[in-house]
Chemist: 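First, the structure itself, so that you have it in front of you.
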Amino acid sequence: MEMEEMLEQAGEKRDELIATEMLVSAKAAVRTYAVALTEAASPEVRDVLKRQLTQAVNQHARIADYMMENGMYHAHNVKDQLKNDKKKVKAVKKLTKKDK
């Protein structure tokens with residue numbers, strides 16, 4: 001494998017890793033705002049939390065769309081997502097074997 005090709009693949013993997021971390025964080029933000037909204041007693045606080053929840057949902061959608069457009073996430077095709085996940089697991093296993 002040529003050095004250029006290796007660098008390109010490393011960049012793609014890095015982008016996918018960053019996007020995945022952002023997606024996980026966006027999901028956590030949605031859950032956190034939703035729980036906070038159900039606990040808020042003040043109408044003013046609920047209004048703020050509703051706006052923030054909407055923003056968090058929209059951010060999640062933008063990240064998920066980016067990942068789907070770039071083949072990083074297959075939300076609508078479970079078979080493809082499982083195949084992608086299995087490749088990642090194999091790669092991680094190889095990396096952990098090298099470290100031992």
Chemist: Nearest heavy-atom pair of L49 and A40: which atoms, and what distance?
Modeler: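 Shortest heavy-atom contact: CD1-CB, 4.0 Å.
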Chemist: In Å and rounded to the nearest 0.5 Å, what is the CG to CG distance from N58 to D65?
Modeler: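 Taking CG in N58 and CG in D65, the distance rounds to 10.5 Å.
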Chemist: Rounded to the nearest 0.5 Å, how far apart are CZ of R46 and OG1 of T38?
Modeler: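 Between R46 CZ and T38 OG1, I get 10.5 Å after rounding to 0.5 Å.
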Chemist: Minimum heavy-atom separation for Y73 and M68, please, with both atom names.
Modeler: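 Distance-wise, the nearest heavy atoms are O-CG, 3.2 Å.
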Chemist: List the steps and the verdict of side chain to side chain contact (heavy atoms under 4.5 Å, CB included) for V48 and R51.
Modeler: CA-CA 5 Å; V48 169; R51 285 194 302 274; 3.4 Å; yes
Chemist: Distance from K50 atom NZ to L53 atom CG, nearest 0.5 Å?
Modeler: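 Rounded to the nearest 0.5 Å, the NZ-CG separation comes out at 10.0 Å.
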Chemist: Using 0.5 Å steps for rounding, measure from the CE atom of M67 to the NE2 atom of H74.
Modeler: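 Here the interatomic distance stands at 9.0 Å.
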Chemist: Given 3.5 Å as the limit, does a donor-acceptor pair link the side chain of N84 with the main chain of D80, or not?
Modeler: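 Not a single qualifying donor-acceptor pair exists.
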Chemist: What is the minimum heavy-atom distance between A19 and M72, and which atoms define it?
Modeler: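 Closest approach of A19 to M72: CB-SD, 4.0 Å.
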Chemist: If you measure from CG on D15 to OH on Y66, what distance do you get to the nearest 0.5 Å?
Modeler: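 Here the rounded value is 5.0 Å.
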Chemist: Would you say L37 and V35 are hydrophobically clustered, going by side-chain heavy atoms of ILVMFWY under 4.5 Å?
Modeler: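 No, L37 does not connect to V35 through the hydrophobic network.
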Chemist: Between NZ of K83 and CG of N77, what distance do you get to the nearest 0.5 Å?
Modeler: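 One gets 8.5 Å once the value is rounded to the nearest 0.5 Å.
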